[in-house]
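Down below is the structure, laid out as structure tokens.
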Amino acid sequence: LPSLPLEFLHPRNASRLTLATEQPAGATSGACGGQRLDLVESHRPTLIQRPQGGDMPSRLSAWVEPDSGRLCRADVRTRDASGGESGFEAMVSVYFGYDAAVDLSVPTRMNEEFYIPPLGRGTSEAIYRDYRRFKTSGRLLPPG
């Protein structure tokens, strides 16, 4: 879900996150030079829940372009809060870039790493391109 970081960053969820106390000095991401912000999900129940119920707190690192506020990259790390080394954990990294065809900042790549006991570890990558803006039109016809 490349929209996962956007859900965490949506204003309706602002009260769920607290700024991590120690911010990395000068940590930037790639060509956009975005400033890194680390956020911790502190509200319960958490946005992501275990299938059988229960909290799975997340940490979010977001690289934001200081001048424009544009999101360049976001990492969401989620783990099973039930404790122990045998719990589920995942990290989703989404990279964003400007696409002139739709005149928007859009996901360009997503990488996922996950651990599901007892199945083990896995990784995936998705590349997003060829965005298009769909247009529709209509007209009203006079009655009769």
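Values below: all heavy atoms of this structure, side chains included; hydrogens, waters and symmetry mates excluded.
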**Asked** Does a side-chain heavy-atom distance below 4.5 Å link T123 with E113?
**Response** yes

- Message: If you count heavy atoms of other groups shown closer than 6.0 angstrom to CG of L141, is the number above 12?
- Response: yes

From the list T18, L47, D55, side chain to side chain contact (heavy atoms under 4.5 Å, CB included) with E41 holds only for L47

Closest non-hydrogen atoms of R44 and P57, given as atom of the first, atom of the second and distance, are NH2-CB, 3.8 Å

The reported gap from OG in S3 to CE in M110 (rounded to nearest 0.5 angstrom) is 9.0 Å

Check: Q49 side chain, G54 main-chain N or O, donor-acceptor pair, under 3.5 Å: yes

Transitive ILVMFWY side-chain link F96 to V102, under 4.5 Å: yes

Taking C-beta and beyond as the side chain, do R50 and D80 meet within less than 4.5 Å on heavy atoms?
yes

Within the structure provided, determine whether R73 and L71 are in side-chain contact (heavy-atom separation under 4.5 Å). no

Taken to the nearest 0.5 Å, the spacing of T78 OG1 from L4 CG works out to 6.5 Å

Residues R109, E125; criterion salt bridge (Lys or Arg N to Asp or Glu O under 4.0 Å); working and verdict: CA-CA 7 Å; R109 180 171 50 123; E125 179 178 56; 3.8 Å; yes

Are P2 and Y128 packed together at the side-chain level, in the sense that at least one heavy-atom pair is separated by less than 4.5 angstrom?
yes

Discussion item. Under 4.5 Å between side-chain heavy atoms, counting indirect links through other Ile/Leu/Val/Met/Phe/Trp/Tyr residues: same cluster for I127 and M91 or not?
Written reply: no

In terms of side-chain heavy atoms, does D75 have a donor or acceptor partner in S93 at a distance below 3.5 Å?
yes

When you check the side-chain N and O atoms of D103 and Y98, is any donor under 3.5 Å from an acceptor? yes

Worksheet item: In terms of hydrophobic clusters joined by side-chain contacts under 4.5 Å, are F114 and I48 together?
Response: yes

Distance col, row L39:CG vs S61:OG, nearest 0.5 angstrom, shows 8.0 Å

Heavy atoms of S42 and L17 approach each other most closely as OG-C, 4.3 Å

Within the 4.5 Å heavy-atom criterion, are Y95 and C72 side-chain neighbours or not?
no

Exercise for the section: Determine whether L104 and L9 fall in the same hydrophobic cluster, where Ile, Leu, Val, Met, Phe, Trp and Tyr are linked whenever their side-chain heavy atoms lie under 4.5 Å apart. Expected result: yes

Can you confirm whether L1 is buried at CG, in the sense that more than 12 heavy atoms of other residues, nucleotides or ligands lie under 6.0 Å from that atom?
no

Is it the case that atom CZ in R133 sees more than 12 heavy atoms from other parts of the structure closer than 6.0 Å?
yes

task: Please test E65 against R70 for salt bridge (Lys or Arg N to Asp or Glu O under 4.0 Å), starting from the C-alpha separation and ending with a verdict.
output: CA-CA 5 Å; E65 203 173 65; R70 183 177 73 88; 3.5 Å; yes

Correct closest heavy-atom pair for V94 and P107 would be CG1-CB, 4.1 Å

So CZ of R36 and CH2 of W63: to nearest 0.5 Å the spacing works out to 4.5 Å

- Item | Side-chain heavy-atom pair R79, S58 within 4.5 angstrom cut-off | no

Check: Going only through I, L, V, M, F, W and Y residues with side-chain contacts under 4.5 Å, is there a path from L6 to L60?
Finding: yes

**Q.** Close side-chain approach of N13 and F8, heavy atoms under 4.5 Å
**A.** no

